[in-house]
Amino acid sequence: MRGQRFDAHNAHVDHGDITVYGGVASAYVAAWADAFDVGSAAVIRAAETVPPLVDTSVAKARESHERPSHPELRCLAWSTDQLPEVRAAVEAT
């Protein structure tokens with residue numbers, strides 16, 4: 001089954017670059033920022049408040065290379081149930 005594109009009805013944000021699959025919404029930080037109409041720094045601060053399920057900037061154990069942290073390369077994923085909390089964290093910054 002292919003992932004679904006986000007829409008305002010299924011996750012409280014409306015942006016075509018965010019994909020939902022199995023109750024998990026994922027996108028680049030820049031796409032989240034665009035969807036929430038904030039800067040990338042606000043999304044990164046929100047990730048500190050509402051820990052994402054996946055953050056591609058976090059190195060795995062025994063990984064020897066650096067992970068991308070630039071907003072156009074870094075991806076974050078939250079469960080769709082977490083998105084209202086993420087939106088509130090973004091708006092609080």
Side-chain angles (χ1 to χ4, degrees):
M1 179 181 280
R2 299 183 72 194
Q4 297 176 318
R5 293 290 185 192
F6 242 28
D7 64 35
H9 303 290
N10 69 10
H12 308 285
V13 294
D14 183 13
H15 195 279
D17 292 332
I18 298 172
T19 302
V20 176
Y21 183 79
V24 176
S26 63
Y28 291 109
V29 170
W32 284 113
D34 190 34
F36 288 123
D37 197 29
V38 296
S40 295
V43 174
I44 293 167
R45 284 191 300 273
E48 294 168 1
T49 303
V50 184
L53 300 172
V54 174
D55 181 349
T56 60
S57 73
V58 177
K60 297 177 184 175
R62 299 188 203 154
E63 198 169 62
S64 62
H65 64 278
E66 288 190 30
R67 305 287 289 186
S69 59
H70 194 272
E72 281 78 25
L73 300 175
R74 180 180 179 182
C75 292
L76 297 174
W78 284 284
S79 73
T80 54
D81 293 341
Q82 290 178 293
L83 294 179
E85 191 178 349
V86 174
R87 179 180 288 280
V90 167
E91 291 174 351
T93 59

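Every heavy atom of this structure was used, including side-chain atoms; hydrogens, water molecules and symmetry mates were not.
- Residues Tyr28 and Val38 fall into different hydrophobic clusters, defined by Ile, Leu, Val, Met, Phe, Trp and Tyr side chains chained together at heavy-atom separations under 4.5 Å.
- Here the closest non-hydrogen pair linking Ser40 and Ala30 is OG-CA, 4.1 Å.
- With a 4.5 Å cut-off on side-chain heavy atoms, Asp17 and Asp34 do not count as touching.
- Both Val43 and Leu83 are part of a single hydrophobic cluster, where members link through side-chain heavy atoms under 4.5 Å apart.
- With sequence neighbours left out, the side chain to side chain contact (heavy atoms under 4.5 Å, CB included) criterion links Ser79 to Leu53, Asp81, Gln82.
- Remark: Glu91 pairs with Arg87 by the salt bridge (charged side-chain N to carboxylate O under 4.0 Å, His left out) rule, at least two apart or across chains.
- Looking at every heavy atom in both residues, Ala89 comes nearest to Ala46 through CB-CB, 3.9 Å.
- The minimum heavy-atom distance between Ala47 and Pro52, with the atom names listed, is O-CD, 3.5 Å.
- The hydrophobic cluster containing Ile44 also contains Ile18, counting ILVMFWY residues as joined when their side-chain heavy atoms lie under 4.5 angstrom apart, directly or transitively.
- When atom types are taken as modelled, the side chain of Thr56 and the backbone of Cys75 share a donor-acceptor pair closer than 3.5 angstrom.
- Judged by distance alone, the side chain of Trp78 and the main-chain N or O of Val86 form no donor-acceptor pair under 3.5 Å.
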